Amino acid sequence: MGGLLSVVIPAYNEEETVSDAAREILRVLDEARIPCELVFVDDGSSDGTWERVRAARAADGRVRGVRFSRNFGKEAALLAGIRFAAGDCCVTLDCDLQHPPEKIVEMYRLWEAGFEVVEGVKVSRGRESAAHRLCAAVFYRIMTRAVGYEMRGRSDFKLLGRRAADALLSMPEKDTFYRALSAWVGFRSATVEFEVAPRRAGQSKWSAGKLISYAVRNITSFTSSPMRIVTALGVLMLVFALALGAQTVANKLQGRAAEGFTTVIIIVLLTGSSVMVSLGVMGHYLTRMFDELKARPRYIVAETAGEDDEKAARAVP
Ligand code: UDP
Ligand code: MG
């Protein structure tokens with residue numbers, strides 16, 4: 001079948017890895033004789049990433065680049081890259097080469113064989129702390145339930161055919177979770193297993209705080225079960241309140257009303273905190289609705305390298 005492959009590479013402060021990534025990916029794809037273009041998305045880096053992208057373009061005309069006006073996050077970078085991609089299919093992978101470029105060939109062959117979505121699945125997670133590993137396990141278990149697809153080992157390393165990519169781009173929501181949406185769009189899909197390589201250079205761009213808020217946002221964007229849990233909790237407390245209320249009234253009628261201060265304190269604390277947590281949960285969903293409602297663009301493009309796309313850059317994402 002064949003067709004142009006676009007490789008989308010989000011890069012945030014990756015000056016140390018951009019050149020290597022471009023060279024390595026082009027080498028692998030040239031060896032496999034796959035027609036390709038590389039789309040680097042500079043996610044508002046404050047270092048020399050953009051200069052490296054331009055240099056890579058000067059070295060090989062198949063490299064293109066998009067630069068955001070500030071850091072909009074990896075999700076936005078992925079979507080921008082897919083939007084700019086001109087290929088019949090596109091692969092997204094990390095700039096630090098933790099996603100082995102050799103696997104792109106395997107994905108491309110599967111696409112040629114008729115698979116519209118090819119997911120990269122991690123068989124090992126590389127070097128990580130025990131705490132990180134545990135949090136990841138909990139997160140993916142919740143996500144699997146929320147999304148209704150097996151999410152364990154899923155990554156942002158994947159291939160999307162044109163139809164799947166267009167389906168993804170047509171979603172109006174601002175707050176996306178690429179990893180799960182690629183399964184959500186459906187189509188015939190296959191998986192390719194890979195080992196997470198150690199980072200080529202530089203440091204992970206994720207802090208613990210960023211990861212936690214990422215996890216909460218993604219879970220709540222796929223499920224409203226936290227709200228249901230709040231309701232269930234409310235019902236449970238109501239039953240408890242009725243039982244305790246009956247007991248209190250009985251005590252009163254028997255003239256033994258003065259006792260039970262401990263109970264009062266516990267109940268006040270319990271009700272107070274559960275009401276606050278519930279409000280927090282609702283507030284979270286409200287905020288999310290507010291953000292979607294504002295309908296701000298997902299990203300703003302400051303500059304592009306290798307365009308004709310100047311026009312495309314101004315199109316509202
Ligand atoms: N990245 C990005 N925007 C961000 C954070 C990260 O585009 O705000 C890119 C980063 O340049 C890299 C990829 O996302 O290409 C994965 O980031 P990183 O390697 O830091 O994450 P990890 O591999 O530790 O999950
Ligand atoms: Mg990485």
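Numbers here simply count residues along the sequence, with the first being 1. Since the structure is predicted, the reported quantities are computational estimates derived from the model, not experimental observations.
Using modelled atom types, one finds no donor on one side chain facing an acceptor on the other under 3.5 Å when comparing H99 with S155.
Between the CG atom of L286 and the CZ atom of R288 there is a distance of 12.0 Å, given to the nearest 0.5 Å.
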For this session: Dump the intermediate steps for salt bridge (charged side-chain N to carboxylate O under 4.0 Å, His left out) on E106 and R109, then the final yes or no.
Result: CA-CA 5 Å; E106 214 171 303; R109 300 290 176 230; over 6 Å; no

**OP:** Take L97 and E24 through the test side-chain contact (heavy atoms from CB on, under 4.5 Å) and record every step on the way to the result.
**Re:** CA-CA 9 Å; L97 293 180; E24 186 80 11; 4.1 Å; yes

- [ ] Apply side-chain contact (heavy atoms from CB on, under 4.5 Å) to the pair Y285 and T220, showing each step before the final yes or no.
- [x] CA-CA 8 Å; Y285 281 95; T220 51; 3.6 Å; yes

Check your understanding: Hey, mind stepping through I300 and F72 against side-chain contact (heavy atoms from CB on, under 4.5 Å) and telling me if it holds?
Key -> CA-CA 8 Å; I300 294 166; F72 280 94; 4.1 Å; yes

Report the C-alpha distance between L181 and F222 in whole Å, list the side-chain angles of each, state the deciding distance to 0.1 Å, and finish with yes or no for side-chain contact (heavy atoms from CB on, under 4.5 Å).
CA-CA 10 Å; L181 284 176; F222 270 89; 3.7 Å; yes

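V8 is not listed as a side-chain neighbour of F84, based on a closest heavy-atom distance of 4.5 Å or more. Contact annotation: the side chain of T49 never approaches that of Y12 to less than 4.5 Å [non-hydrogen atoms, C-beta and beyond]. Counting heavy atoms from C-beta outward, L160 and I82 have side chains that approach closer than 4.5 Å. Two residues are said to be in side-chain contact when any heavy atoms from C-beta on lie closer than 4.5 Å; Y108 and V118 fail this criterion.
With a 6.0 Å cutoff to the six-membered ring centre and a 45° limit on the axis angle, K158 counts as a cation-pi contact of Y178.
The salt bridge (charged side-chain N to carboxylate O under 4.0 Å, His left out) pairs that include a residue from residues 215-233 are D175-R217, where partners are two or more places apart or lie in different chains.
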Donor-acceptor list for residues 187-195 side chains, cut-off 3.5 Å, not counting sequence neighbours:
from, atom 1, to, atom 2, distance (Å)
E195, OE1, S124, OG, 3.0

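By the criterion of side-chain heavy atoms lying less than 4.5 angstrom apart, applied directly or through intervening Ile, Leu, Val, Met, Phe, Trp or Tyr residues, F240 is not grouped with L236; the two fall into different hydrophobic clusters.
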